[in-house]
Protein chains: 2
Amino acid sequence: MARPGNPKEKIMATAGRLFYEQGYNATGINQVLEEAGVAKASLYTHFGSKEELGLAYLKEARMQWFAAITAVVEQKTDPEDRLLATFEFLEKQLPLQHFKGCRFINMLAEIGDAQPEMQQQVLEHKRKLRRYLHQLLIAIPGQAAAGTADTIYLLFEGAIVESKIYKEIWPVKTAKKTVKRLISMD
Amino acid sequence: MARPGNPKEKIMATAGRLFYEQGYNATGINQVLEEAGVAKASLYTHFGSKEELGLAYLKEARMQWFAAITAVVEQKTDPEDRLLATFEFLEKQLPLQHFKGCRFINMLAEIGDAQPEMQQQVLEHKRKLRRYLHQLLIAIPGQAAAGTADTIYLLFEGAIVESKIYKEIWPVKTAKKTVKRLISMD
DNA sequence: ATAATAATAGACAAATTTGTCTATTATTAT
DNA sequence: ATAATAATAGACAAATTTGTCTATTATTAT
């Protein structure tokens, strides 16, 4: 079961996969260790506890998620195409991940007020996404934004969550269609 | 810790509260028993396992949730008011529940493909909600529906999820405003 | 009143979970 | 080459988890 990379990276990769596939609480540290092919002490020297591993997971996921979505958006030059590319990102990504939904929303459902740092990571991730969509919208000439940016944000988030529930892509397509309609209204 | 009702009802009430507040996996059977003031054997005669209790919880929650939302909708007679009343239901309900979000989406984040019956309950709950919103929309004269009903559904769901993340009510207000705008377009 | 049923307290088991610690081996830097 | 550092295997502990079982008590129906 040896995997490429140093023990810390192996733990991060395996935990990232298992937390997403099975959930944070349903994944034991022993399974992570076993599938990563790494000694238990390595986990506790690099991360102090399971909770810190969970926090590291969220931080890593934030970075990777934004890297992935911006990479797709930056392939486009037209402002409208750039906004719509965020939904095309979902259309490609969600089926590839077997409609497991959003890592952050999933984690938030599992943790409580006893883990404020994790809650904070989720909140900051979503704030950043909200700002990002807002920026993409106001880059389109003649878009006053106002409530429209938040509507787009709600549709984006709704699309992720519902495609998880139905394990179908129509929520993303519907959201994208509505966004097109909204930005052609003003 | 004696609570009103027979043991089965006490377990349902306590599990319903704890699963929602703490999450399903984070809530042990012993805590449910202790807070319900009920013997362990009572749980295992009425429900065969924790998983069956989880399933009963979802079924009960489905019933109660629809009873609550339809009660609010049925106070209105004007079709447009009836559709908007669903968002007013959220505006009232979510803060009262301290923005814990949707019981079904929360549960879905915790369970995997090993619990298909629970997944099915979530799916059927959401299908029913989707149909319900569709019906409320097409009752408004001059509404062709088409994709609009699903857009409203996505905004409704997005509003629940995001108000949980931000612990603020603006997502519901934004969603409601957009729905008003959408139905006055055609 | 009495018999049948339901519920209780709580011991117990088996498995699992997070986390620590030790002795040994491998890797890296000088 | 050698010393310092990193990683390993795995025993061990303490707590927790789900679930079973027993002997006793309370409730309900006749």
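Every value quoted in this text rests on a predicted model; they were computed, and no experiment measured them. Labels below follow one simple rule: chain letters A, B, ... track the order of the sequence lines, proteins then strands, and each chain is numbered from 1.
Among the nucleotides dG19(D), dG19(C), dT8(C), the one closest to the side chain of V38(B) is dT8(C). Considering only the side chain of P7(B), dA7(C) comes nearest among dA7(C), dT18(C), dG19(D). For A41(B), whose side chain is taken as the heavy atoms from C-beta onward, the closest listed nucleotide among dA9(C), dT8(D), dT18(C) is dA9(C). Side-chain atoms of H46(B) lie closest to dA7(C) of the nucleotides dT20(D), dA7(C), dA11(D). Of the listed nucleotides (dA9(C), dT18(C), dC21(C)), dA9(C) has the atom at the smallest distance from the side chain of A39(B). When distances are taken from the side chain of Y44(A) to each of dT8(C), dT18(C), dT8(D), the shortest belongs to dT18(C).
The separation between E34(A) atom CD and dA9(D) atom P is 11 Å, rounded to whole Å. When rounded to the nearest whole Å, the span between CG of N30(B) and P of dT8(C) equals 15 Å. dT16(C) atom C1' lies 12 Å from atom CD of Q31(A), rounded to whole Å. K10(A) places its NZ atom 10 Å from the C1' atom of dT8(D), with the value rounded to the nearest Å. Atom OH in Y24(A) sits roughly 13 Å away from atom P in dT17(C) (whole-Å rounding). Following rounding to the nearest Å, L33(A) (CG) and dT18(C) (C1') show an atom-to-atom distance of 11 Å. Atom pair I29(A):CD1 and dT17(D):C1' shows a separation of 17 Å (rounding to whole Å applied). Put simply, CG on N6(B) is 19 Å from P on dA26(D), counting in whole angstrom units.
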Identify all side-chain donor-acceptor contacts of residues 86-94 of chain A below 3.5 Å with residues at least two apart in sequence or on another chain.
residue, atom, partner, partner atom, Å
T86(A), OG1, L83(A), O, 2.6
E88(A), OE2, K176(A), NZ, 3.1
E91(A), OE2, K173(A), NZ, 3.2

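By the 6.0 Å contact criterion, CD on E117(A) is open, its count of non-hydrogen atoms from other residues, nucleotides or ligands being 12 or less. Within 6.0 Å of the NE2 atom in H134(A), the count of heavy atoms belonging to other residues, nucleotides or ligands does not exceed 12.
With the 3.5 Å cutoff on both pairing distances, Watson-Crick and G-U pairs in DNA chain C assemble into runs of at least 3 at C:1-30 with D:1-30.
Among Q121(B), Q120(B), R127(B), the single residue meeting the side chain to side chain donor-acceptor pair (under 3.5 Å) criterion with E124(B) is Q120(B).
Salt-bridge formation is not detected for the pair R130(A)/E162(B): no Lys NZ or Arg NE/NH1/NH2 atom is positioned less than 4.0 Å from an Asp or Glu carboxylate oxygen. Under a 4.0 Å N-O distance rule, the pair R17(B)/E35(B) qualifies as a salt bridge. Salt-bridge formation is detected for the pair E157(A)/K126(A): a Lys NZ or Arg NE/NH1/NH2 atom is positioned less than 4.0 Å from an Asp or Glu carboxylate oxygen.
Sequence order on DNA chain C of the closest nucleotides to K8(B) and K40(B) puts K8(B) first from the 5' end.
Side-chain N/O atoms of S49(A) include none lying less than 4.0 angstrom from OP1 or OP2 on dT18(C).
Among the atoms of the strands shown, none is found under 4.0 Å from any heavy atom of T45(A).
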